[in-house]
Student: 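Supplied in structure tokens, the structure appears directly below.
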Amino acid sequence: MKRHGWKFFIAALVILPLIIGLNSCAKPAVKTEGQAVKQPAAPAPAKQAAPAPSDDEAKRKAAEAAKIKAEEDALKAKMKADADAAAAKTKADMRSYFLKMNANFDFDKYNIRQDAAFVLQEKADYMKTKGNEKIKVEVQGHCDERGTNDYNMALGDRRAKAAQEYMVTLGVTADRMTTISYGEEKPLDLGHNEEAWAKNRRAQFVISSE
Amino acid sequence: MPNVRALFLLLAACIGLAFFYPLQASARVYVDLNQPFARKMPMAVPDFIPLDRGAPAPDTLAKDLPRFLGDGLDLTGLFIVLDPKTFLGAGQGGQQSTGPTRFKEWLAIGADLLVSGGFRQTGNSLVLELELYDVFQQRQLVGKRYTTTFDGRFDALNRFMNEILLALTGERGVFGTNIAFVGKTDGIKEVFTAEFGQPGVRQVTKSRSLALSPVFSRRGDELAYLSYQTGRPHLYLQSLSDRAERRISIGLDLYLSPCFTPSGQLLVAISKSRATNIHLVDRSGREKRQVTQGNGISLSPTLSPDGQRMAYVSDQAGHPQVYIMPVEGGEPRRITFEGNYNTDPQWSPRGDRLAYVGKDNGKFIIYTIKPDGTDRQQLTSGTADDTSPSWSPGGRMIVFTSNRMGPSRLFTMTANGERQRPLTLDFKGEQFDPSWSSAEPD
């Protein structure tokens, strides 16, 4: 009703800035790390008309500033933790990928196939990545369950050595790798079919020190 | 007149010869082991009887012992051990089972040979009196008396079976000789030994990981084997008398498939950075001479009985085949031409054949072949995987690994593939890699 309209107008005039001010307070204003967080002082409009600061006013301002800095620091710490966690997850993924992907071989063969060459290239890249220079690996050679035991021990050894030699040509120094054969003794897949056997014919990398 | 005299002398000569021949015929030829499919001799092994009339006759002695004997002799492939159910009362009447009338009863059921046994058990002592008779000629061929204990009863029977084989074939049997093998439990593989003819096993290694491919020394007093006990596969020698174990592989190289030479050194495949080749090494593992050359894989050496020639596996043709070359050096000659995967050669102690494993249609089969590459014989059927053949001392039998029953087990067969039977062993896990000691039995 028209008689009370002016009251609403005043209320809006007071409330609106407050709303705007509080919103500004709540949002983290900074997107990138390292930048000082500057929050708009709130509720600014209410304070703009302040007279010259007295002692009380100065104390209040200092307390306010400290509170703001504490909030800034807490926010910085949280963002760093989030970023660290994100980086670690990717690094763990990469390490897990390094350990899990194997170079596979044809039955009774120890030459490096094209697909095996790709796998070894990725492994070489990983070992040459900055931060991974201290990593040393054991290259294991494995066979499928078919075939006779002595021959499989020899075949596993030749597979491990072939993979190691290929890694050397890709720039990984020989002193970072040792080889071992497990013959047919440690299959990945216990199935008795071609799919299982293909997985078991492999050169597998294990991190021996870092 | 001179002609009549000559005729008379001729007649006398003929009569003399006629007497001479029957005497020769009584030295009967029982078994010519070099005839591969000679007639098998029917043999009866009736229940054993107490030596003292009226003494108790427990099944463990009266029935189990003859059955043990019959089962053992059956493995040799030389006999048809008659089913006791066919005896039809022959030999009933206790100790008179071998009187003259009784021989006729055994003859009537078709037995050529008869084994007869008596026992006396007093406390822990056990006396066994065992005889082998030629039923047709009604005479005893072997008679032995053993004083042992109840626990030693199978040892005594094994010795008796060896005597039977000596009497009938001229070659002592191999019961009681040692077989080494790999036994697997819970993913761990250890080396064990067993005596052929008995189920007991003895553990040799304590790798607590993987111990593989045992091989006996020529005198049977040592075992060589691969073991991962330190985390890496190394070759070890263990003396079976004092259980002293020592490592003979040097450095990080993989030493594989050792073969003892007559002089006590070893031929061993060493896998180096470029290739795997056979080397002669001494008993400390030091390399004396490289025997095979090449850039691929050469391994599994086996020597002819005279130690002059070596058969081995090489992949120089692109896949594994068996070759023979002089040990001192020389051109290798390929002897396997069928199939593209032939491995595990083992030279028979008789020198006349080699056993090996060939892959056919995805299955592994045991063959024998002459050293010149001719006369290949297939011994196993190819319906399962049969691998790792090893000859008995004397070369009349082969022990091997088979998965025909599902889990991997040890089997024996004769040198021409008959009587393929699983070894009865007190070991529940899977069995692999058998090696039959070449030391002759006592």
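In the text below, chain A, chain B and the rest are named by the order of the sequence lines, each starting its count at 1.
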Student: Less than 4.5 Å to any heavy atom of chain A: does that hold for the side chain of B/Lys189, its backbone, both, or neither?
Tutor: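 The answer is the side chain of B/Lys189.
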
Student: Non-hydrogen atoms of chain B under 4.5 Å away: do they reach the side chain of A/Tyr110, the backbone, both or neither?
Tutor: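 For A/Tyr110, the side chain is the part near chain B, not the backbone.
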
Student: Output the option from A/Met153, A/Lys161, A/Arg158 having the highest count of non-hydrogen pairs under 4.5 Å with chain B.
Tutor: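 Winner by heavy-atom pair count: A/Arg158.
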
Student: Is B/Pro233 close to A/Ile180 at the side-chain level, that is, under 4.5 Å between some pair of heavy atoms?
Tutor: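 Sidechains of B/Pro233 and A/Ile180: in contact.
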
Student: B/Thr276 versus chain A, heavy atoms under 4.5 Å apart: side chain, backbone, both or neither?
Tutor: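 For B/Thr276, heavy atoms of backbone and side chain both lie under 4.5 Å from chain A.
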
Student: Counting only heavy atoms not in B/Arg289 (residues, nucleotides, ligands), do more than 12 fall under 6.0 Å from its CZ?
Tutor: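 Counting neighbours around CZ of B/Arg289, more than 12 heavy atoms of other residues, nucleotides or ligands fall under 6.0 Å, so yes.
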
Student: Please check if atom CD in A/Glu194 has more than 12 non-hydrogen atoms from other residues, nucleotides or ligands closer than 6.0 Å.
Tutor: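 Yes - once you tally the heavy atoms of other residues, nucleotides and ligands closer than 6.0 Å, there are more than 12.
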
Student: Using a cut-off of under 4.5 Å on heavy-atom pairs, state which of B/Gly296, B/Gly362, B/Ala275, B/Ala269 scores highest against chain A.
Tutor: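 Top option by heavy-atom pairs under 4.5 Å: B/Ala275.
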
Student: Using a 4.5 Å heavy-atom cutoff, which residues in residues 117-147 of chain A come close to chain B?
Tutor: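 When heavy atoms of chain B are the reference, residues 117-147 of chain A contributes A/Glu138, A/Arg146, A/Gly147 within the under-4.5 Å range.
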
Student: Using 30° and 60° as the class limits, which term best fits the ring planes of A/Tyr182 and B/Tyr228: parallel, tilted or perpendicular?
Tutor: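 Taking B/Tyr228 first and then A/Tyr182, their aromatic rings lie parallel (interplane angle under 30°).
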
Student: Anything in residues 311-318 of chain B with a heavy-atom distance to chain A below 4.5 Å? Please list those residues in order.
Tutor: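 Checking residues 311-318 of chain B against chain A gives B/Val313, B/Asp315, B/Gly318.
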
Student: Measure the NE2-CZ distance between B/His319 and A/Phe107 for me, rounded to the nearest 0.5 Å.
Tutor: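 CZ of A/Phe107 is found 11.5 Å from NE2 of B/His319.
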
Student: Does atom CG of B/Asn361 have more than 12 heavy-atom neighbours, drawn from other residues, nucleotides or ligands, at distances under 6.0 Å?
Tutor: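 Counting other residues, nucleotides and ligands, CG of B/Asn361 stays at 12 neighbours or fewer.
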
Student: Report, as yes or no, whether the 6.0 Å neighbourhood of atom CG on A/Asp82 holds more than 12 heavy atoms from other residues, nucleotides or ligands.
Tutor: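 Yes, because the 6.0 Å sphere around CG of A/Asp82 holds more than 12 heavy atoms from other groups.
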
Student: To the nearest 0.5 angstrom, please state how far the NZ atom of B/Lys272 sits from the CG atom of A/Asp157.
Tutor: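 Answer for the NZ-CG pair, B/Lys272 versus A/Asp157, is 12.5 Å.
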
Student: CG of A/Asp150 to OG1 of B/Thr387: how many Å apart, nearest 0.5 Å?
Tutor: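 One finds 10.5 Å between CG of A/Asp150 and OG1 of B/Thr387.
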
Student: Working to the nearest 0.5 angstrom, can you tell me the gap between B/Leu212 CG and A/Asn152 CG?
Tutor: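 That separation rounds to 11.0 Å.
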
Student: Give a yes or no on this: more than 12 heavy atoms of other residues, nucleotides or ligands lie within 6.0 Å of atom CZ of A/Arg113.
Tutor: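 Yes, because the 6.0 Å sphere around CZ of A/Arg113 holds more than 12 heavy atoms from other groups.
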
Student: So for B/Ile297, is it side chain, backbone, both, or neither that comes closer than 4.5 Å to the heavy atoms of chain A?
Tutor: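 Contact with chain A involves both backbone and side-chain atoms of B/Ile297.
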
Student: Could you look at A/Glu165 and say if it's the side chain, the backbone, both or neither that has a heavy atom under 4.5 Å from chain B?
Tutor: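 For A/Glu165, the side chain is the part near chain B, not the backbone.
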
Student: Say you draw a straight line from OG of A/Ser181 to CG of B/Leu226; how long is it, rounded to the nearest 0.5 Å?
Tutor: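 Going from the OG atom of A/Ser181 to the CG atom of B/Leu226 covers 9.0 Å.
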
Student: Are any of the side-chain heavy atoms of A/Asn149 and B/Asp433 separated by less than 4.5 Å?
Tutor: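 Contact flag for A/Asn149/B/Asp433 side chains = yes.
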
